[in-house]
Amino acid sequence: MQQAGLVDTLNNAEAVTVFAPVNDAFAKIPKGDLDKVLADQDMLKKILTYHVVAGKIAPGQLAGMHKTLEGQDLTVSGSGSDFKVNGTSAIVCGNIPTRNATVYLVDSVLMPS
């Protein structure tokens with residue numbers, strides 16, 4: 001978040017939901033592609049803000065389409081404890097409260113189009 005210049009943006013947000021990739025999610029990205037993204041602050045910011053949605057979303061409200069801070073929509077499908085984001089990234093743990101966010105851990109990095 002620091003590298004993309006988003007620390008203040010997220011710390012000052014009133015209420016957000018973050019779909020945070022677990023560490024293993026980054027291992028799924030080829031090293032050359034990951035290095036390119038990390039070197040491009042605009043692209044990194046676009047990808048990271050695609051993981052954040054305005055408002056704290058409870059599990060009962062997860063299914064559906066949600067507008068990201070990046071500007072595009074992402075879709076969550078499923079119910080109970082079995083949810084997928086954009087049909088490919090599984091939520092492996094969720095509804096983690098923080099001071100200003102609800103966090104759901106996902107097993108893949110979400111990529112905006």
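Below, each value reflects all heavy atoms present in this structure, side chains not excepted, and no hydrogens, waters or symmetry copies. Computed from a prediction, not measured in an experiment: that's the story for all the values here.
By the rule that hydrophobic residues join a cluster once side-chain heavy atoms approach within less than 4.5 Å of another member, V18 and L74 end up as members of separate clusters.
The structure places CD1 of I96 at 11.5 Å from OG1 of T17, a figure rounded to the nearest 0.5 Å.
In this structure, V76 and L62 approach most closely via the heavy-atom pair CB-O, 3.1 Å.
In this structure K67 satisfies the salt bridge (charged side-chain N to carboxylate O under 4.0 Å, His left out) test together with D73, sequence neighbours excluded. Residues meeting the salt bridge (charged side-chain N to carboxylate O under 4.0 Å, His left out) test with K84, sequence neighbours left out: none. Every residue two or more places apart in sequence or in another chain that forms a side chain to side chain contact (heavy atoms under 4.5 Å, CB included) with T75 is listed here: M65, N86. For N95, there are no side-chain hydrogen bond (donor to acceptor under 3.5 Å, both in side chains) partners, not counting sequence neighbours. Every residue was checked against the side-chain hydrogen bond (donor to acceptor under 3.5 Å, both in side chains) condition with S79, not counting sequence neighbours, and none meets it. Taking A54 as the reference, nothing meets the side chain to side chain contact (heavy atoms under 4.5 Å, CB included) condition, with sequence neighbours excluded. Looking at residues two or more places apart in sequence or on another chain, you find no side-chain hydrogen bond (donor to acceptor under 3.5 Å, both in side chains) involving Q61.
The closest side-chain heavy-atom distance from T68 to V52 is not below 4.5 Å.
The stretch residues 36-63 participates, sequence neighbours left out, in no ring pair (Phe, Tyr, Trp, His ring centres under 6.0 Å) pair at all. Sorted by first then second residue, the salt bridge (charged side-chain N to carboxylate O under 4.0 Å, His left out) pairs that include residues 46-60, not counting sequence neighbours, are K46-E70. Applying the ring pair (Phe, Tyr, Trp, His ring centres under 6.0 Å) test to pairs two or more places apart or on separate chains, those with a residue in residues 65-113 are F19-Y104.
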Mind listing the side-chain donor-acceptor pairs of residues 21-28 below 3.5 Å, one per line with the distance, residues two or more places apart or on another chain?
| residue | atom | partner | partner atom | Å |
| --- | --- | --- | --- | --- |
| K28 | NZ | D107 | O | 2.8 |
| K28 | NZ | S108 | OG | 3.1 |

